[in-house]
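Okay, structure first, notes after.
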Amino acid sequence: MADMTAGNYTGPAGTEGAAGTLTTADGKPLKAALNAAQSKARWRAFFLVAPLLAFVLFTFVAPIGQLLQRSVHNPGFTTHTDISSGTQTPIMVGLREWFDNNPLGTEPDEAAYAALAADLVVLRELKAPGSVGTRINYERSGSRSMFTKAARRAQKLEPPFKEAMLDLDEDWADPEMWAAMRGASSAYTFNFYLAALDMTRDVNGEITQVDPKRQVYVKLFQRTLFLSLLITFVCFVLAYPIAHLLATLPLRYSNLLMIFVLLPFWTSLLVRTTSWMVLLQSQGVVNDALVGANILADENRIQMMYNQTGTIIAMVHILLPFMVLPLYSVMRPINPSYVRAARSLGATSWTAFRRIYFPQTVPGIGAGALLVFILAVGYYITPALVGGADGQLISNLIAFHMQKSLNWSLAAALASILLGGVLVLYWLYDRLIGIDNLKLG
Amino acid sequence: MALPSHADTLERIWHKAYLVICALIFLFLIAPILIVIPLSFNAEPYFTFTEKMLKLDPTGYSSRWYDLLLTFGMDAPDAERDGSWWADVWSNAAWVNAAKNSVIIGFFSTLLATVLGTVAALGLSRPEMPYRRSIMAILISPMIVPIIITATGLFFFYSSTGLANSYPGIIMAHATLGIPFVIITVTATLVGFDHSLTRAAANLGANPTTTFFKITMPLILPGVISGALFAFVTSFDEVVVVLFVAAHDQQTIPRQMWNGIREQISPAILSVATILVIISILLLTTVEILRRRSERLRGISPG
């Protein structure tokens, strides 16, 4: 290849340069020619990768970036975007100016209420009180209706505005309301991360825990971690014996048995989840078989679906191949004579396994466990379908906030926290095992 | 794994128990996939074996759920089954339309992922590639990052760039999800690729393009096809991104299944599942054949 030939010219045709350095046929110093050739080769390799890199930056990295931006940026209280024309109008200008001029802790005075009333008139014209109210509603529930109601009457309000506003609703004097509005008056905020960690800012702007009855997210993160660990462990327990069997059988048998591992791997996720729903239903195959065999009375059929049990069983089944394959690829090359040597030196089969065989499989366990854990932490489809209420994971809550409650910034903050955790694990996987060693079948 | 002849009774018992345990785990792996096949022929709208089915009574079995896949969504499902009936199926049946969408999206996203992924894998497997490790990590990450995060990010990104509710948007998203599989399979094939072959071609006067198509391509083709099949399956099975960025009328098979499971799960879902299981058996067979062919081509003993 062209880049390999630079050195060859220095042979018969090469000349010794004036300073005694080697040069190529055309008189360039050898070192420079080699560098040029290598840099050309590097660029050639890079140009092969560049189109894909650009594509992934556009369709994957940019969306993730936008997600991160969403989690700290919510202009619901500062800018109104008209859906049909796309024009952006600054809103709540007067009130935001008042917040800028009066530090935290200032009692809202007549000027503040006057600014609020004027801003509400603008909101009414833009047909935006609903969206602004929703933004405050994230921080203080019950605020949305106050905004829509007040905006409807804002035109007719007369000074003094404080009394007029309080006549509409006593809650306009609520310090929490003013703290929420002050918090939302800047489009960039970390409040959604606080909310995602069950924390909030109190009236004085201090970070505090939310009411214990409303703490859901930290518990859900804990449950996700716990279930993922449990699923990883069960996968390990189930995968180890069969990986060992596959690795020690002659190839023609193990290739055949491998189908049992690879077929689930190739089968649609929804198909596998559906199958488990069919099997685990209270009128399903497993319960029918147990009742038919008189192991179980008809009236106490086991509830195995729409709860954590369902999530665990189905996810173990789906993630098991990801544990078996790395274990198998580590176990296959292990030389059986090591165990034989241990046995001949007097070790029992248990000791030989524990001291000789098992330590050699640890890299496979690490690779499989890390992969299964990473995949389990972010699982969505299976818990959504078979998880019921207490089998939901953090992903399901992100979907809930995206599709039902429409609190997109909170969804983005939850997603960013999950993403951070997954990326740390991914980095660890790359350091310990190397993504090049990822095998698919 | 044969037991040596000097094994004592306890070891023999343990070995038997071990084989039984392994058999049970294999059963756990395969039974849920195979169970849907007989159940999809249930004559009754139940998800369990009826008495008639267990007695192998032919009247306990029927293909009515497969028929429902064709008739559901049709204008005139009860008309005579002639040419116009089939035309009605082709243009109106919900599942047929979902299948058409799935195939279109799957085909184009596979094409995109395979072409870009193969070219990139060629670059990544060169030793002189700068920042090889970091770039590889970025390109594989769509497989690792939870799908719900990708879908949420795409939802924000597509609504601000106008790609939402469009086929190109879904195709690009699915291609991104398929790319890691192409990269992994093609780089695996390129490990142990004998570069003296390309040098020999260059030496004999072939330009890089000819070398690629005449020498490199035939040798890495099994890996490329495996990667393409993986990418296709990824797209064909993907539902979360479709739920987040597709328009309401852009139904795909997984989306239709998802709705079916969430709303009223009927045995029709099981007949779709059966068809998908058969497709996955075919794909697995193809990939296995390709893997062996690739190993033969590269002179590696089967294993």
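Letters A, B, ... are given to chains in the order of the sequence lines, protein chains preceding strands, and every chain is numbered from 1.
- Counting heavy atoms from C-beta on, the side chains of B:Val145 and A:Tyr426 never come closer than 4.5 Å.
- Looking only at distances, no side-chain donor or acceptor of B:Arg133 sits under 3.5 Å from a matching main-chain atom of A:Gly434.
- In terms of non-hydrogen atom pairs under 4.5 Å with chain B, the most contact-rich of A:Trp427, A:Phe260, A:Trp350 is A:Phe260.
- Interface summary for chain A: among B:Ala137, B:Ala273, B:Pro254, the most heavy-atom pairs under 4.5 angstrom belong to B:Ala137.
- If you tally non-hydrogen atom pairs under 4.5 Å between each of A:Ile374, A:Val56, A:Leu279, A:Leu263 and chain B, the highest count goes to A:Leu263.
- Annotation: side chain of A:Val377 is not in contact with side chain of B:Pro146 (no heavy-atom distance under 4.5 Å).
- One finds the CG atom of A:Leu48 at 6.0 Å from the CG atom of B:Leu122 (value rounded to the nearest 0.5 Å).
- Of the listed residues A:Pro336, A:Ala415, A:Pro241, A:Ala247, the one with more heavy-atom pairs under 4.5 angstrom with chain B than any other is A:Pro241.
- Considering A:Thr59, A:Val61, A:Leu52 in turn, A:Thr59 is the only one that fulfils the side chain to side chain contact (heavy atoms under 4.5 Å, CB included) rule with B:Thr176.
- Relative orientation of the A:Phe265 and B:Phe230 rings is perpendicular, given thresholds of 30° and 60° on the angle between their planes.
- The residue among A:Trp266, A:Trp408, A:Tyr253, A:Trp43 with the most heavy atom pairs within less than 4.5 Å of chain B is A:Trp266.
- Remark: A:Asp288 pairs with A:Arg301, B:Thr48 by the side-chain hydrogen bond (donor to acceptor under 3.5 Å, both in side chains) rule, at least two apart or across chains.
- With chain B as partner, the option from A:Thr274, A:Leu385, A:Leu53 having the largest number of non-hydrogen pairs under 4.5 angstrom is A:Leu385.
- Only the side chain of B:Ile179 comes within contact range of chain A, with at least one heavy atom under 4.5 Å from a heavy atom of that chain.
- In this structure, the side chains of A:Phe46 and B:Ile135 come closer than 4.5 Å at one or more pairs of heavy atoms.
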